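Heads up: the structure comes next, in structure tokens.
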Amino acid sequence: MALRNSSLLETLVYGPAPESDSTARAWIDQHERRFGLFINNQWVHPEGREYTDTCSPADNTSLAAICEGTAEDADVAVQAARTAFTSWSKTSGHERAKFLYAIARQMQKHQRLLAVVESMDNGKPIRESRDADTPLCVRHFYYHAGWAQLMDSELPQYRPVGVISQVIPWNFPLLMLAWKIAPAIAMGNTVVLKPAPSTRLSALLFAEIVLAAGLPPGVVNILPGGNDLGFALVNHPDVDKVAFTGSTGVGRLLRQSTAGSGKKLSLELGGKSPFVVFDSCDIDSAIEGVVDAIWYNQGQVCCAGSRCLVQENIYDRFMHKLRRRMNNLRIGGPLDKCVDIGAINSKRQLDTIAGYVEEARASGAEVIQSTAPLPEGDGFWFPPTVIANVQPTSKCVVEEIFGPVLTVLTFRHPKEAIALSNNTAYGLASSVWTQDISLALDVAFQIRAGVVWVNCHNMFDAAAGFGGYKESGYGRESGKEGLKEYLEFKWKGVVRRSFTDEQKAAPWGADTPPAIELPSAGSARGQSVDKTYKMYIGGKQSRPDGQYSRTIRSPSGAMVGEVGEGNRKDIRNAVEAAHKAAPGWGKRAAYNRSQILFYIAENLDARFEEFAKRIASMTGESIESARNEVTLSIQRLFYWAAFSDKHGGSVQETPLYGATVAIHEPVGVVGIACPDRFPLLGFVSLFAPAVVRANTTVIIPSEKYPLSAVDLYQVFDTSDLPAGVVNIVTGTRDVLTKTLMSHMHVDAMWYFGSDIGSYHVQHASACNLKRTFVSYGVERDWASNEQGQGHEFLYEATQVKNIWIPAGV
Amino acid sequence: MGNPGIPLDLGWVHSARVNKSATERRAAEIGTRRSIKKLHQLAWLLRSLRCIDLTTLAGDDTPSNVKRLCAKARNPVHIDTLRLLGIENENITVGAVCVYPNRVKDAVAALEGSNIPVASVATGFPAGQTPLETRLSEIRLAVAAGAREIDIVIPRTAALLSDWQGLYDEVKAMKEACGSAHLKTILATGELPTYQMVYQCSAVCLMAGADFIKTSTGKEPVNATLPVALVMCRAIRDYYDRTGSTPSSASYLLPPPSSLFVFVHLLLPPSICPCSTFL
């Protein structure tokens, strides 16, 4: 037998250990290597459609031909989903839970087939599709079967959103599908999902799981297709929400194309996540962490730890170990069970990666590549690569490469590590490597990213939310926080807006000189001393930069005062003040923030009658009604003071031994454009949740009735509110809003103005992917507790960071 | 061949950090990253076999059962099987036969001509709670009786008290007592509370001149586990990085052989630790 004279006994090389693809190929053959669209639980092949080959990245051969859906097909699918929504949204939670459970079970029963198909089509090693992707998918459906069951009792104030368009990427075709579909249908929505053009097979196999699980027709529709189909789905008038995972560039386009429409939007975008290694770490485990961070799925992971920051004093040792580990990786066919790194998903992506590495080499960086051999043949292979001798400004450090390419920089101390970590437009994930728990937590709290892994990287679970800060997008997937993306408050009706190109192009927020209106003789002063209302910026009362004033009149035309006419410079000053105040305010104890808010309420109450009279004189309302508004404002301040220390987060029940902690962090600098109705209560209802959840604010008070807001700064001054936490700029709402929208230091905009204004706010928010909370021109009853306070505001005022903290000695 | 050791570097010992959850995750994953099938599997299993210390350490050992064990050591695989594999001339034997000092002579006699070394446990095995003098003389007597390898147990007391100098001095004295025999230090990891301490003990033993480090005596409640073996391999690798010398190997009691070998292979590739030195 072959061991005679074999060198095997000495060399102990690995042999091929292929996972069989015969079952997968048989399944493809059952479909005659030709797949249609999955609509209404049926495979359809509409006339005249093109068919595109989906290829195996390991050898660039065709696996099957797949129908390219069109806008017409999107119509049919959305219609099917709409019809199904009528009954699915009324199906009981328990019934829906049973369907999700059936999907989980069916996926489990066909887990290996799913894994093999995934590896064939995507190029990822079978070890990953078998041990990570598919078990996580199953877990996702189990977890959300649970939420379907619990929706009525645990989420009583919510309803499903409606029909959801979902567009997913090619790096985790099946897992992203599960992340999108499970929470959506658990909460009673119906979906039309478009898989990525280069990875469609597992989604089509999932369609058969849907059939096997007996899901009613139209609840899940799967439409393969290209970008045109994607935009047709996103822009479809009968879609209520768009969920997207992909590049930041496309994310911006989706934000723009859904702007003002009333559709909900969640974006899971790119990243350039820091991997921070301190000298107090277990260095061998950190090296293994690099393998998980950047060589998992060939580095084609949005949360890949692609920016390695190493403490300078261990750099040489770290690099030595990293090099050795990298050379030990095996690159090969995705179905080989002895392989660490499979094929890059497409030729295009391979070229992109190679381009970045060449650029780095050309600009003088040190490029170190694994000496492990690459497979021969037509597959798309790229060796594990480390780029050193680079700076934070280097292209390969700044931009997302989406490949097995690690960049390494050094830092001197924790403060610098945090600064370098946050020196990115992205904020998706991060990991911290140290055995020092105080250091780990300090860094974890200060890194601005949706996920922080301590001494691990790329850990996922359905119970812990995933999603980004900054230009990595908004919305969360997984965890209770992820459900919010597929829920709407019951009191809210469906809002659907569309604008003609002309309406969109019409000037908005143009910086026209204010109409000069000097008060008529003597009316400014009356019998008393002349009153001057200033703006409130950085804790100081300041005159408007432009030195113009606007006259405020009651409905009867009587002059009630003059306020400054704010301009760009005032907004810039206000944003700067807010940005500066943010770190300090965020570090205040929640107790302290509540004290300040209670105190504001106390001091407002002390001037109750004055505020009531002001409202009455500005708005022409009765004094009783005005008093009621002041009473409600005090109540609301108490309400938000109460919430300052009761929404900190939770411990997520992931499989990790230790704690996975969801922290509700502030969004940052929040711009607020107040409604005209309820000049005091509207202002209070918006500034209080923002501020109590540790945001800092730039507030544009009611354009018509701003005096109640400017009266408040005297209350703030006597209530220990730190400078810069609330900044008030009076003037023309849309002019000031427009400036706020283009400011890169504004992280969110809450806009309660017109419908077209809402369009412009959301459209402009794409520049740095500000979160937006807009009215779409719908009046809200601020006096009602249902509409004027509650979890909607908490959601808008916070973002969830999940910190994974393993335990054990 | 042999590890001459280096002066004790307390800085290395004190700065050692081992994260439990990451270490266990890596250990659990190793077996899933490689699959060894068919002829390769046979080759790997045979290599594991060649690394085994075939052992009897019982109060009722007599010359006859030691003799039987030695016969097994010479012929661990049935000759028909070897013929079937075409390797009947490969001299497939275990790595050593391991006995108590009193049985060394029996084993040496039974293994004559085979070149299979006899290993003797020594130093108050398995507890190590006897005076250093008697432990050292045990080593000398075993070597004099023909043992080519000496399995000692480290004093856990020193480890638990972080008396690294004391541990180093004792192991170094044992190394000297071994003369030309290999020193194999058993850490008794089942009695070391943390992975970090496993690493620290490994490092101290290697600096003191251990030729092998082993997990356990077989007498502790928990013996070899993959994470412990992983930590020890990493210590050997770091020792190599510091000294450039390659004599050390890790050996283990009873871990699942194929997974173990996969990671020994991954962690200690031939450049660091030539496969032949495993034997």
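The figures that follow rest on heavy atoms only: side chains count, while hydrogens, waters and symmetry mates do not. Keep in mind the model is a prediction, meaning the values are calculated, not measured. Residue numbers begin at 1 in each chain, while the letters A, B, ... track the order of the sequences.
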Give, for atom [atom1] of [X] and atom [atom2] of [Y], the distance between the pair rounded to the nearest 0.5 Å.
| X | Y | atom1 | atom2 | answer |
| --- | --- | --- | --- | --- |
| B:Ser35 | A:Arg127 | OG | CZ | 13.0 Å |
| A:Arg317 | B:Asp241 | CZ | CG | 9.0 Å |
| B:Ser15 | A:Asp279 | OG | CG | 9.5 Å |
| A:Leu3 | B:His40 | CG | NE2 | 9.5 Å |
| A:Cys281 | B:Arg17 | SG | CZ | 10.0 Å |

I'd like to verify something: which residue of B:Thr32, B:Ile87, B:Thr23 has the highest number of heavy-atom pairs under 4.5 Å with chain A?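 Of the candidates given, the most pairs with chain A belong to B:Thr32.
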Does [X] reach the side chain of [Y], with side-chain heavy atoms less than 4.5 Å apart?
| X | Y | result |
| --- | --- | --- |
| B:Asp238 | A:Ile283 | no |
| A:Glu288 | B:Arg25 | no |
| B:Arg234 | A:Ile287 | no |
| B:Ile36 | A:Lys337 | no |

Checking heavy atoms, do the side chain of B:Glu29, its backbone, both or neither come under 4.5 Å from chain A?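 Contact with chain A: side chain only.
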Pick one of side chain, backbone, both or neither for B:Gln41, based on which atoms fall under 4.5 Å of a heavy atom in chain A.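 When you check distances to chain A, no heavy atom of B:Gln41 falls under 4.5 Å.
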By a 4.5 Å heavy-atom criterion (distance strictly below it), what part of [X] contacts chain B: side chain, backbone, both, or neither?
| X | value |
| --- | --- |
| A:Arg330 | both |
| A:Val339 | backbone |
| A:Asn455 | both |

Could you check whether atom CZ of B:Arg242 has more than 12 heavy atoms from other residues, nucleotides or ligands sitting under 6.0 Å from it?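 Check passes, neighbour count above 12.
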Atom of B:Asn19, atom of A:Gln435 and distance for their closest heavy-atom approach: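 Smallest heavy-atom distance, with atoms named: ND2-OE1, 2.9 Å.
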If you tally heavy-atom pairs under 4.5 Å against chain B, which of [options] wins?
| options | result |
| --- | --- |
| A:Leu8, A:Asp284, A:Val809, A:Thr434 | A:Asp284 |
| A:Cys456, A:Ala286, A:Ser285, A:Ala17 | A:Ser285 |
| A:Cys338, A:Pro16, A:Gly808 | A:Cys338 |

Salt-bridge contact A:Arg4-B:Glu88 (side-chain N to carboxylate O under 4.0 Å):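 B:Glu88 and A:Arg4: salt-bridged.
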Under 4.0 Å between a Lys/Arg side-chain N and an Asp/Glu carboxylate O for B:Arg26 and A:Asp292?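 No, B:Arg26 and A:Asp292 are not salt-bridged.
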